[in-house]
Amino acid sequence: MIELRGLRKVFGDTVALEEIDLSVPAGEIHGIVGRSGAGKSTLIRCLTGLDSPTSGTVSIDGADLTDRSGSGMREARRSIGMVFQHVNLLDSRTALHNVAHPLQIAGVAKAERLAKARELLEIVGLGDRADNYPAQLSGGQKQRVGIARALAAEPKVLLCDEPTSALDASTTDQILGLIRSLRDRLGITVLIITHEMSVIREICDSVTLLADGQVARTGTLAEVISEPGSTLAKDLVPLPPIGLDDTGSAVGADGADGAGTSGGKTRLVEVALAGASLPQVLTCAQSVGVSADAILAGAVETIEGRQVGRIRFTVASAAKSKELITALEADGIYAEEAA
Ligand SMILES: Nc1ncnc2c1ncn2[C@@H]1O[C@H](COP(=O)(O)OP(=O)(O)OP(=O)(O)O)[C@@H](O)[C@H]1O
Ligand SMILES: [Mg+2]
């Protein structure tokens with residue numbers, strides 16, 4: 001559905017995007033994450049046709065957005081709806097007329113566009129707010145009106161740039177639920193740019209990490225989260241913070257593995273639950289005398305039927321840490337000493 005091939009965008013001597021290849025299949029919700037300056041906004045601007053790529057192609061449902069002759073671009077643009085962090089509704093128009101506005105511009109007859117706008121407001125759960133002005137709506141309600149407006153032209157693709165960054169947690173959940181239900185009901189393909197890992201975890205089927213204008217990682221959520229040692233996986237399934245006692249040792253470390261604490265400072269060993277199940281990890285740890293009591297923190301989620309996440313053990317010494325890591329690795333389980 002969305003195809004980027006060799007997409008490159010250069011501003012003067014800044015390379016904002018370098019040879020990006022990305023495919024998002026129809027009906028999928030794909031998230032794009034990356035640090036500030038990674039190229040996220042540039043990517044979305046190239047996708048909307050607001051910016052033209054220096055080289056490479058962008059196609060949406062087979063229509064080439066980079067086709068300068070115009071026909072492909074017009075067709076591709078029609079198939080895109082946009083949702084922004086700040087919705088930018090017209091203050092002097094009601095919710096209904098805001099949603100109908102793009103249809104008015106497209107020359108759709110009045111009765112038809114108002115009927116369509118009413119239907120869209122129903123879909124986003126604001127059927128009873130049609131006659132309210134933006135000033136009478138909450139942030140979440142305004143964002144819903146924005147989504148209804150983006151759907152007016154019946155786009156095949158919804159591009160969302162930080163759609164929930166300005167919303168509180170429960171409103172965020174509602175908007176994410178709405179985006180997911182739109183995908184389920186309308187079969188729309190969704191691309192979401194976000195800095196919120198929870199957004200990715202909650203609704204994305206697949207995710208791309210951009211770094212310095214390049215694709216650092218891309219894959220289904222399950223693939224990316226279960227990648228041992230990857231920073232994206234750690235960001236997506238964070239471990240709870242660790243309490244430190246007065247000596248700077250991790251709380252709960254004392255005698256935790258039964259090996260005594262005489263061998264120097266305690267160490268933390270982080271284990272990736274990727275191919276391995278939790279019982280497998282515990283059995284292996286036990287074989288070198290590290291019991292479940294030595295688990296300091298853990299984050300486990302089930303994604304697409306697989307347990308993914310990480311477990312952090314505390315062990316009494318560097319030697320024990322090495323022994324544990326070696327035993328786990330011999331079982332094909334990824335482990336590393338954590339800072
Ligand atoms: N119009 C422009 N002219 C010159 N340089 C630009 C322009 N737009 C973006 N850049 C540069 O391209 C790079 C990528 O910028 P971009 O806005 O895509 O980052 P971003 O990932 O959206 O960051 P943020 O999370 O802060 O919004 C940056 O180095 C930025 O300075
Ligand atoms: Mg940006």
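One-based numbering along the sequence shown. Each ligand, and each atom within it, is numbered from 1 in the order the structure gives.
Atoms CG and CG, from D128 and L121 in turn, are 9.5 Å apart once rounded to the nearest 0.5 Å.
For ligand 1, the atoms closer than 4.0 angstrom to any heavy atom of G39 are 14 (C), 16 (P), 18 (O), 19 (O), 20 (P), 21 (O). Numbered from 1 in the order shown, with element, the atoms of ligand 1 that lie under 4.0 Å from a heavy atom of R35 read 21 (O).
Within a 6.0 Å sphere centred on CZ of R118, other residues, nucleotides and ligands contribute 12 heavy atoms or fewer. Around atom CG of D331, more than 12 heavy atoms belonging to other residues, nucleotides or ligands sit under 6.0 Å away.
With atom 20 (P) of ligand 1 as the reference point, the heavy atom nearest to it among A211, G37, G12, G213 is part of G37. Distances from atom 12 (O) of ligand 1 to the heavy atoms of C46, A16, G34 show the closest one on A16.
For the Mg ion (ligand 2), the set of nearby N, O or S atoms under 2.8 Å includes one belonging to S41.
For the side chain to side chain donor-acceptor pair (under 3.5 Å) with S23, the lone residue among E28, E3, H30 that qualifies is E3.
Looking from atom 26 (O) of ligand 1 to the surrounding protein, the closest heavy atom is S36 OG, 2.5 Å. Counting protein heavy atoms only, atom 1 (N) of ligand 1 is closest to F11 CE2, 3.5 Å. For atom 27 (O) of ligand 1, the closest non-hydrogen atom on the protein side is S41 OG, 3.9 Å. Summary of contacts: the protein heavy atom closest to atom 25 (O) of ligand 1 is K40 NZ, 2.6 Å. Of all protein heavy atoms, the one lying nearest to atom 15 (O) of ligand 1 is T42 OG1, 3.7 Å. In this structure, atom 30 (C) of ligand 1 lies nearest to the protein heavy atom T14 CG2, 4.8 Å.
T164 places none of its side-chain heavy atoms less than 4.5 Å from the side chain of I192.
A salt bridge between E270 and R312 is present, with a side-chain N of the basic residue lying under 4.0 Å from a carboxylate O of the acidic one. Salt bridge E336/R310: absent, no basic N to carboxylate O contact under 4.0 Å.
The nearest protein heavy atom to atom 7 (C) of ligand 1 is closer than 4.0 Å.
Shown here for I333 and V271, the closest heavy-atom pair between the two residues is CG2-CG1, 3.5 Å.
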